2 protein chains.
Amino acid sequence: MDSVMDSVVVPASQQALGIRQVSEETGLSIDTLRWYERVGLLPLVERASDGRRRYPPDALRFIRLVQALRRTGMPVADVRQFIELGGGELANHPERMALLERQCAQIEERMVELRDDLAVVQAKIETYRDLIARGLDCEDDLPDDMVEQLQADELLAGTLPAVPRRQR
Amino acid sequence: MDSVMDSVVVPASQQALGIRQVSEETGLSIDTLRWYERVGLLPLVERASDGRRRYPPDALRFIRLVQALRRTGMPVADVRQFIELGGGELANHPERMALLERQCAQIEERMVELRDDLAVVQAKIETYRDLIARGLDCEDDLPDDMVEQLQADELLAGTLPAVPRRQR
DNA sequence: GGTTGCGCTGGAGTGCACTCCAGCTCCTAG
DNA sequence: CTAGGAGCTGGAGTGCACTCCAGCGCAACC
């Protein structure tokens with residue numbers, strides 16, 4: 001009985017979703033979902049009899065791929081191109097694959113860049129840690145030339161305040 | 001003699017750079033460098049007597065920090081805020097450090113996201129590899145239901161072409 | 001001494017990716 | 001039967017981060 005209910009009447013959670021659910025599920029705004037569809041990023045959205053969007057579960061998986069491409073820096077226009085390759089059936093698979101492989105390469109570059117940039121920021125944090133340690137230790141008895149030294153440090157660390165220096 | 005020339009007359013490569021050199025060095029366009037300065041991202045640019053920009057080597061290091069922040073997703077407005085904290089001297093160091101630490105956390109999140117998205121794209125590539133292997137193997141003797149099977153695969157893999165299916 | 005090249009300025013323009021809106025339809029609850 | 005809520009459409013608007021441009025100044029070279 002249960003099984004009849006579950007599998008025949010309502011195939012449960014596998015049913016098409018409304019736009020609101022998809023929005024919550026994916027983190028894309030409702031407006032963005034509609035816009036993606038308009039510009040051709042989401043070809044497989046169906047409609048209920050009253051005109052409302054129904055997203056089959058497949059669409060959800062598809063959206064996640066689109067999100068992955070977008071988040072990793074592929075412009076909307078390129079994503080659309082990738083999707084348009086769907087019309088030509090089998091023949092286009094190698095082309096689509098090549099496109100994805102190019103994207104993978106870019107993601108990897110991006111990761112390297114990100115690692116480097118992280119290192120830069122962390123290095124900068126270290127210099128602050130130093131400056132604070134040395135600066136706050138003796139906060140009240142800094143001789144003038146120590147202050148100058150700190151400024152020089154900061155300068156060397158690449159963070160000059162917009163203050164004239166070297167004069168006076 | 002050589003050493004006198006090098007160290008006294010021209011401290012060599014350590015001298016201030018023109019905007020063109022900085023542009024080439026950093027990859028930022030000349031326009032962008034000027035614009036960054038206008039909006040307050042580059043406080044330490046000096047001018048030659050004829051009004052042209054001279055970038056001390058410190059500026060170069062500073063620009064690299066700015067680039068790291070920008071590339072890792074910090075909005076220009078936030079970078080400016082960070083820089084404006086420079087005016088207040090020592091007292092602001094903890095705040096600046098905190099700002100950078102927040103940014104670090106975000107970078108790490110971004111890296112995780114990137115890794116996940118890469119996995120999604122790679123998974124998709126795998127499905128294409130499969131489809132191609134199976135599809136191209138028997139390109140000419142595909143029975144109709146095999147074609148259907150491939151389309152279903154593609155659907156499952158999340159890449160439905162904008163073609164009516166299931167009907168007929 | 002003209003002209004060529006590089007740089008300067010303030011302001012306008014561009015491209016991208018959404019985001020918002022007015023006015024409509026449909027459905028449901030009271 | 002009406003009021004409210006969710007969704008729909010086409011089109012306009014927004015925010016960000018540059019990018020381009022006209023008109024000018026200076027310096028060097030021919």
Side-chain angles (χ1 to χ4, degrees), chain A residues 15-56 59-60 63-83 103 106 110 113 117, chain B residues 15-56 59-60 63-83 103 106 110 113 117:
Chain A
Q15 223 41 348
L17 302 174
I19 197 167
R20 181 163 300 271
Q21 276 102 53
V22 174
S23 167
E24 277 156 13
E25 201 75 22
T26 61
L28 293 172
S29 81
I30 289 177
D31 268 321
T32 298
L33 284 168
R34 287 200 275 244
W35 183 71
Y36 274 11
E37 196 181 332
R38 264 202 259 184
V39 299
L41 300 202
L42 300 182
L44 42 59
V45 183
E46 298 168 2
R47 299 308 176 99
S49 58
D50 63 352
R52 297 187 174 195
R53 288 168 177 78
R54 316 273 50 220
Y55 295 80
L60 210 37
I63 291 171
R64 287 201 214 288
L65 175 63
V66 170
Q67 279 186 293
L69 294 176
R70 286 289 303 116
R71 276 198 299 246
T72 58
M74 184 183 285
V76 165
D78 293 12
V79 178
R80 193 185 44 232
Q81 245 197 47
F82 168 75
I83 288 160
Q103 185 63 10
Q106 288 203 4
R110 185 85 194 79
E113 199 186 52
D117 290 339
Chain B
Q15 223 43 348
L17 303 174
I19 197 167
R20 183 163 298 273
Q21 277 102 54
V22 174
S23 168
E24 277 157 13
E25 202 74 22
T26 61
L28 294 172
S29 81
I30 289 177
D31 269 320
T32 298
L33 283 168
R34 287 200 276 245
W35 183 72
Y36 274 11
E37 196 181 332
R38 265 202 259 184
V39 298
L41 300 201
L42 299 181
L44 41 59
V45 183
E46 299 167 1
R47 299 307 177 101
S49 59
D50 63 352
R52 297 185 174 197
R53 289 169 178 80
R54 315 273 51 218
Y55 295 80
L60 211 35
I63 291 171
R64 288 200 214 286
L65 175 63
V66 170
Q67 280 186 294
L69 294 176
R70 286 290 303 115
R71 276 198 298 246
T72 58
M74 185 182 287
V76 164
D78 292 12
V79 178
R80 193 184 47 231
Q81 245 197 46
F82 168 75
I83 288 159
Q103 185 63 10
Q106 290 203 3
R110 186 85 194 78
E113 199 186 52
D117 290 339

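Every chain is numbered from 1, with letters handed out A, B, ... down the list of sequences. Everything quoted here is computed from the prediction, not taken from an experiment.
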- Query: Taking B:Glu24 for the side chain and B:Gln21 for the main chain, is one N or O donor matched with an acceptor at less than 3.5 Å?
  - Reply: no
- Message: On the nucleotide C:dA17, are OP1 or OP2 found under 4.0 Å from the side-chain N or O atoms that A:Arg70 carries?
- Response: yes
- Message: Checking B:Glu37 now: which residues fulfil salt bridge (Lys or Arg N to Asp or Glu O under 4.0 Å) with it, not counting sequence neighbours?
- Response: B:Arg47, B:Arg53
- Query: Does A:Tyr36 put a side-chain nitrogen or oxygen below 4.0 Å from OP1 or OP2 of C:dA17?
  - Reply: no
- Message: Are the side chains of A:Val45 and A:Arg54 in contact, using a 4.5 Å heavy-atom criterion?
- Response: no
- Expressed in angstrom and rounded to an integer, what is the separation of A:Ile30 atom CD1 from C:dC18 atom P? 15 Å
- Gap between atoms CG and C1', on B:Leu33 and C:dC6 respectively (whole Å): 15 Å
- Roughly, in whole Å, what's the span from CD in A:Glu37 to P in C:dC18? 15 Å
- Those residues that, when tested against A:Arg80, pass salt bridge (Lys or Arg N to Asp or Glu O under 4.0 Å) (two or more places apart): A:Glu84
- Can a donor-acceptor pair be found between the side chains of B:Thr72 and B:Gln103 at a distance below 3.5 Å? yes
- Item | Residue met sooner reading DNA chain C from 5', once A:Val76 and B:Arg20 are mapped to nucleotides | B:Arg20
- What is the per-nucleotide protein-contact pattern of nucleotides 24-30 of chain C, from the 5' end, where B denotes a base atom under 4.0 Å from a protein heavy atom, S denotes such proximity for sugar-phosphate atoms only, and - denotes neither? --B----
- Message: Just to verify, what does A:Arg52 make a salt bridge (Lys or Arg N to Asp or Glu O under 4.0 Å) with, not counting sequence neighbours?
- Response: A:Asp50
- In whole Å, what is the span from the CG atom of A:Asp78 to the C1' atom of C:dG15? 14 Å
- Atom CG in B:Leu60, atom CD in B:Glu25: separation rounded to 0.5 Å? 5.5 Å
- Item | A:Thr26: partners by side-chain hydrogen bond (donor to acceptor under 3.5 Å, both in side chains), with sequence neighbours left out | none
- Item | B:Arg53 CZ - D:dG25 P separation (whole Å) | 17 Å
- Task: Starting from C1' on C:dG7, measure out to CG on B:Leu17 and report it in whole angstrom.
- Result: 16 Å
- Which sits closer to the 5' end of DNA chain C, A:Met74 or B:Arg54, going by the nucleotide each is nearest to? B:Arg54
- Query: When the distance from CG of A:Leu41 to P of C:dC16 is rounded to whole Å, what number comes out?
  - Reply: 14 Å
- Note on the structure: To the nearest angstrom, the CZ-P distance between B:Arg71 and D:dC16 comes to 22 Å
Could you list, one pair per line, each protein nitrogen or oxygen that sits under 3.5 Å from a nitrogen or oxygen of nucleotides 19-21 of chain C, together with the distance?
residue : atom : partner : partner atom : Å
C:dT19  : OP2  : A:Thr32 : OG1          : 3.3

- Message: For the CD1 atom of A:Ile19 and the CZ atom of A:Arg34, what is their distance to the nearest 0.5 Å?
- Response: 5.0 Å
